Trainee: 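Handing you a structure now.
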Amino acid sequence: MKKTRSGSSLLAALLLAFICSVRAQTPPQNAPNALGGTSWQLVKFEGSDDKTLTPDDKTKYTIAFAGDGNVSVRIDCNRGHGTWKSAGPNQLQFAPLGLTRALCPPAPLNDHIPKHWEYVRSYSFKDGHLFLSLMADGGIYEFEPVSPERLAEGKLKGTATYRERMALPPNAVFVATLEDVSRADAPAEVIARARIEHPGDPPIPFEIPYEPSGINPSHRYAVQARILIDGKVFFTTGQRNPVFMTGQSNEAALLLRRAGASTTAGGSAETSASQPAASGGNATTALENTYWKLTHLGDTPIRMASQQQEPHFVLNSESHRVNGSGGCNRLTGSYELHGDQLAFSQMVGTMMACLEGMETEKAFLDVLKQVNKWKITGQQLELFDATGSLLASFEARHLK
């Protein structure tokens, strides 16, 4: 009888140890915070129609749950950011996902995941894998664990060059920075940087490693670079080069200029907010951060409508946003500036109707859509289309 009790006690102890071991290896099903701090890569998706989709590369489809309720994802060549919550055992719900919109190669999962994102309703663990289930038996996503370190493999690649035919000295240092330039009322935040000692002759290849989960698709990002000699800036980009934008390659091609020099290859004066240039002995104003009053559309002088604001625009170098007026309605949008090339996009305006000036305003908006190049002479700005035809002329009114 004693042997039986002893054997039973031993069996119970072994069973208890086994259960504890299993619980230690598998996150508890009823713990709402079991997902916090975990990272996963996609194994497959099984739809309600019994069709299975598998990624060509698991590392292209990842999800990382932060303990503070944030979630970061990668869907092929795009990055996303959102939030998650668990209201009870095995329950899971995602808020709308903010996702970049780069043009990835066609793949069914690239379409399925964003569509299914807000329909996830529960999660479970089995054999160390994570299963996310859609509402109404819409399908199940299976993920396998991946270490957070493996997700931190984002690299922004690029090359930097300059036009001068000269070799860099041995003590030259190349520095490139990835910056968050979203806030117009605050300095840019440096997200990551690359530093190369003795970079050699251009073109200079570089890579900036960054944490993909730290990229917010609703923010604006740009790259700047400079070459230092004895700690002093010798070459610099002079302006920000946007990255992570819709339909844009995430490889940066940077053109550096001598610090203090700002002339385009064609010889026209090119200026920036931080580097005013001179042309013909007259002070040349900066393109950005200047109030540009519209004076001509083509060769036609602008006649101001009575009691209306004058047509104008201002380019904000910090936010890369354009603000202004068509005379009747306020205008806003974004712009890209590369040397003597300028392009406006996403231009919108208020919807007021005025008794006068509407034709001029419409023509002004149409002109901005066609802008390809710019040139400043003294205090006068001229905008041209891709064929070199003059679209509009402006007069500077400096902001205080």
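Note that the structure is predicted; figures quoted are calculated from it, not measured.
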Trainee: So with a 6.0 Å cut-off around CD of Glu359, is the heavy-atom count from everything else above 12?
Mentor: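 At most 12 heavy atoms, drawn from other residues, nucleotides or ligands, come within 6.0 Å of this atom.
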Trainee: Will you find, in the side chains of Glu288 and Tyr335, an N or O donor that is under 3.5 Å from an N or O acceptor?
Mentor: yes
Trainee: Do the charged groups of Lys362 and Asp366 touch, with an N to O distance under 4.0 Å?
Mentor: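 Asp366 and Lys362: salt-bridged.
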Trainee: Check the hydrophobic clustering (I, L, V, M, F, W, Y; side-chain heavy atoms under 4.5 Å; chains of links allowed) and say if Phe131 and Trp117 are grouped together.
Mentor: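 Hydrophobic grouping puts Phe131 apart from Trp117.
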Trainee: Would you say the side-chain atoms of Asn241 and Tyr221 include a donor-acceptor pair closer than 3.5 Å?
Mentor: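 No, Tyr221 and Asn241 have no side-chain donor paired with an acceptor closer than 3.5 Å.
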Trainee: Can you tell me if CG on Asp201 sees more than 12 non-hydrogen neighbours from other groups inside 6.0 Å?
Mentor: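 It does: Asp201 CG has more than 12 such atoms within range.
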Trainee: Just by distance, no angles: are the side chains of Ser345 and Ser334 close enough, under 3.5 Å, to form a donor-acceptor pair?
Mentor: yes
Trainee: Show your working on side chain to side chain contact (heavy atoms under 4.5 Å, CB included) between Val43 and His129 and close with a plain yes or no.
Mentor: CA-CA 9 Å; Val43 175; His129 283 208; 4.1 Å; yes
Trainee: Go through it in stages, so that I can follow the logic: the residues are Lys293 and Phe394, the test is side chain to side chain contact (heavy atoms under 4.5 Å, CB included), and I'd like the CA-CA distance, side-chain angles, deciding distance and then a yes or no.
Mentor: CA-CA 5 Å; Lys293 172 188 173 182; Phe394 301 79; 5.9 Å; no
Trainee: Hey, quick one: are Ile140 and Ile75 part of the same hydrophobic cluster, counting side-chain heavy atoms closer than 4.5 Å, chains of contacts allowed?
Mentor: no
Trainee: Does atom CG (Asp137) have a neighbourhood of more than 12 heavy atoms from anything else shown, all under 6.0 Å?
Mentor: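 It does not: Asp137 CG has 12 such atoms or fewer within range.
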Trainee: Identify whether Phe344 and Leu365 are in the same connected component of the hydrophobic contact network (ILVMFWY, side-chain heavy atoms under 4.5 Å).
Mentor: yes
Trainee: Verify the cluster assignment for Met166 and Leu256: are they in a single hydrophobic cluster under the rule of side-chain heavy atoms below 4.5 Å apart?
Mentor: yes
Trainee: Does the pair Glu144/Lys58 count as a salt bridge with the N-to-O cut at 4.0 Å?
Mentor: yes
Trainee: Within a strict 4.5 Å, meaning less than it, do heavy atoms of the Leu287 and Leu337 side chains meet?
Mentor: yes
Trainee: Val322 and Leu331: side chain to side chain contact (heavy atoms under 4.5 Å, CB included), yes or no, with the steps?
Mentor: CA-CA 8 Å; Val322 55; Leu331 308 178; over 6 Å; no
Trainee: Would a 4.5 Å heavy-atom cut-off, applied to side chains only, mark Thr295 and Ile302 as touching?
Mentor: no
Trainee: Distance from His320 atom NE2 to Leu315 atom CG, nearest 0.5 Å?
Mentor: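 The NE2 atom of His320 sits 9.5 Å away from the CG atom of Leu315.
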Trainee: Verify the distance criterion only: is there a donor paired with an acceptor across the side chains of Thr332 and Asn323 at less than 3.5 Å?
Mentor: yes
Trainee: Quick one: closest heavy-atom pair of Phe125 and Ala34, and the distance?
Mentor: CE1-CB, 4.1 Å
Trainee: Do Ser86 and Trp84 get their side chains close enough for a donor-acceptor pair, meaning under 3.5 Å?
Mentor: no
Trainee: Check whether the side chains of Glu310 and Tyr291 place a donor and an acceptor atom closer than 3.5 Å, and report yes or no.
Mentor: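 Result is yes, a qualifying pair exists.
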Trainee: Evaluate the side chain to side chain contact (heavy atoms under 4.5 Å, CB included) criterion for residues Arg257 and Phe235: first the C-alpha distance (whole Å), next the side-chain angles of each, then the deciding distance (0.1 Å), finally the verdict.
Mentor: CA-CA 5 Å; Arg257 295 178 174 83; Phe235 284 101; 5.6 Å; no
Trainee: If we count only N and O atoms by modelled type, under 3.5 Å, do the side chains of Asn372 and Asp385 hold a donor and an acceptor together?
Mentor: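 The criterion, which ignores hydrogens and geometry beyond distance, is not satisfied for Asp385 and Asn372.
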Trainee: Of the non-hydrogen atoms in Phe45 and Gly138, which two are nearest, and what is the gap between them?
Mentor: CZ-O, 4.0 Å
